[in-house]
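Structure record follows, encoded as structure tokens.
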Amino acid sequence: MDTQEGTFPLIISVDDHTVEPPDVWQSRLPRKYQDTGPRIVRAPLREMSFLGGRFAPVMGSPGEDGPTGDWWIYEDLHRPLTRLDTAVGYSRDEIRLEVITYQQMRAGSYDVPERLADMDVNHVQSALCFPTFPRFCGQTFTEAKDRELALLCVQAYNDWMVEEWCGPLARGRLIPLTLIPLWDARLAAAEVRRNAARGVRAVAFSEIPPHLGLPSVHTDDWDPFLAACDETGTVVAMHIGSSSRMPSTSADAPPAVGSTITFANCCFSMVDWLMSGKFERFPNLKVMYAEGQIGWIPYILERADVVWEENRAWGGVADKVTRPPSELFAGHVYGCFFDDAFGLRNLDAIGLGNVLYETDYPHSDSTWPTSREVGEAQMGHLDADVVERIVRGNAIDLLGLTPEGLWGGPR
């Protein structure tokens, strides 16, 4: 690299994941919900598939043959822990679609001290973590029948995230990412403000809400939520798959097809936001795309600008998008990557200030424990100050971290 005078900067990963411990909800929900709130049982697997972007597990009954795993039970939902949830520490050939127990996963997936130890191994200083059982933006609770219980579950998760996962044991190295009740924008706004008051600067949201049966960002329905984010400086964080529909091509396409085009929903989502007028209505609003990679961004910005310039009169955006989409992107949108040499070769067309680094621990795509080595190999053509911005500086600014790169807690 052009950084012989120094070492590769300590990484601030804006996309890692936590596997929630079994007691997150059982220890926080009112007693009357102990038998209906999320809880873990051990049971056999009857069948499981992941085709056409759809994950379909079926839990067996006690005594049935089949591999045994730990399952989250919540209302009618039976969701197993799988090797894809926590694959680090296993060779690529051992990572299969199979059910597992907590004892069969790396403890850093759910235990704070063990997570910090694994971060040390991977040259990672701080990390923002998306959920597992609630799914990437809390869809699990949005789909529930009992909305009173669902709201309590969202609040319980957020309390656990702030007070325990990012609590004293984390020493500022874990950065909180909270959920909202997606079914009610006013309740969502209240939850954003509740968490912002204790120092939270990021909230999970769906990349394409209509896929969840929710309004699109082209409506005014989300305005109370977006106003709360705008006022509190809360970043809207969208992970691939946060619309519960991974990109695919056909019902029988193998998972490898979807895995290759995982960026597609981020691409569609970004165009939605750029053409929605929201960034002009909410000038402090920031959005980020976790695990979306960045190599595709330059062409989309070029095309969006051409459409805005030439077709805005009939394209339905002339009255709400008054600046070129590429300018809106520069001030409001962040792409996140963990392995994208092509994107890094085209950084000038994306914007140095709009790029964030991640490690995706503990998922199967994760670069752990070699995230530093991957970064050094792919950023070797960049100057040291550029690498510093990508690996940590942009994240410090966006997430309001201390100059040392740590979460400072309530303000």
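Computation of the quantities below employed the complete heavy-atom set of this structure, encompassing side-chain atoms and omitting hydrogens, waters and symmetry-equivalent molecules.
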### Task
Verify, without hydrogens or angle tests, whether Asn354 (side chain) and Tyr334 (backbone) share a donor-acceptor contact under 3.5 angstrom.
no
### Message
If I take atom CD from residue Glu231 and atom CG from residue Leu226, how far apart are they, to the nearest 0.5 angstrom?
### Response
11.0 Å
### Query
Could you state the interatomic distance from CG (Asn394) to CE (Met288), rounded to the nearest 0.5 Å?
12.0 Å
#### Entry: Neighbour count >12 (heavy atoms, 6.0 Å) for atom CZ, Arg186
no
### Task
Verify, without hydrogens or angle tests, whether Asn284 (side chain) and Gly233 (backbone) share a donor-acceptor contact under 3.5 angstrom.
no
### Message
Could you measure the distance from the CD1 atom of Ile350 to the CG atom of Leu344? Nearest 0.5 Å is fine.
### Response
7.5 Å
### Task
Verify, without hydrogens or angle tests, whether Ser248 (side chain) and Gly258 (backbone) share a donor-acceptor contact under 3.5 angstrom.
no
### Distance-minimising heavy-atom pair for Ile294 and Asp340
N-OD2, 2.8 Å
### Query
Which atom pair, heavy atoms only, marks the closest approach of Ser242 to Cys137?
O-SG, 3.3 Å
### Taking every non-hydrogen atom, the tightest pair across Gly138 and Leu179
N-CD2, 3.9 Å
### Query
Can we call the ring centroids of Tyr357 and Phe338 under 6.0 Å apart?
no
### Query
Atom CE in Met59, atom CG in Leu45: separation rounded to 0.5 Å?
10.5 Å
#### Entry: Heavy-atom pair with the smallest gap, counting every atom of Glu207 and Ile240
OE1-CA, 3.4 Å
### Task
First locate atom CG of Asn195, then atom OG1 of Thr232, and finally report the distance between them rounded to the nearest 0.5 Å.
9.5 Å
### Task
Check the side chains of Asp159 and Gln155 for a donor-acceptor pair under 3.5 angstrom, ignoring hydrogens and angles.
no
### Query
At what distance, to the nearest 0.5 angstrom, does CG of Asn265 lie from SG of Cys267?
9.5 Å
### Message
Using the rule given for side chain to side chain donor-acceptor pair (under 3.5 Å), can you reason through Tyr289 versus Ser269, listing the C-alpha separation, both sets of side-chain angles and the distance that settles it, and then say yes or no?
### Response
CA-CA 9 Å; Tyr289 288 100; Ser269 174; 2.8 Å; yes
### Message
Suppose we screen for salt bridge (charged side-chain N to carboxylate O under 4.0 Å, His left out). Which residues come up paired with Asp339, at least two apart in sequence or across chains?
### Response
none
### Query
Judged by modelled atom types alone, do Tyr74 and Thr140 share a side-chain donor-acceptor pair under 3.5 Å?
no
### Task
Please list all pairs passing the ring-ring contact (aromatic ring centres under 6.0 Å, His included) test where one or both residues lie in residues 169-213, with sequence neighbours left out.
Phe205-Trp222, Phe205-Phe225
### Query
Are Trp25 and Phe141 close enough that their ring centres sit under 6.0 Å apart?
yes
#### Entry: salt bridge (charged side-chain N to carboxylate O under 4.0 Å, His left out) partners of Asp184, counting only residues at least two apart
none
### Query
For Asp76 and His78, does a side-chain donor sit closer than 3.5 Å to a side-chain acceptor?
no
### Summary
Between Gly241 and Gln139, the two heavy atoms sitting closest are O-NE2, 3.5 Å
### Task
Look at the aromatic rings of His239 and Phe130 and report parallel, tilted or perpendicular, splitting at 30° and 60°.
perpendicular
### Task
Answer yes or no: is there a donor N or O on one side and an acceptor on the other, between the side chain of Arg96 and the main chain of Arg83, under 3.5 Å?
no
### Query
Is a side-chain donor-acceptor pair under 3.5 Å present for Thr359 with Ser371?
no
### Task
Could you check if a side-chain atom of Tyr157 sits within less than 4.5 angstrom of a side-chain atom of Arg28, using non-hydrogen atoms only?
no
### Task
Identify the heavy atoms of Glu75 and Lys145 that sit nearest to each other, and give their distance.
OE1-N, 2.8 Å
### Message
Can a donor-acceptor pair be found, under 3.5 Å and without considering hydrogens, that links the side chain of Trp296 to the backbone of Phe263?
### Response
no
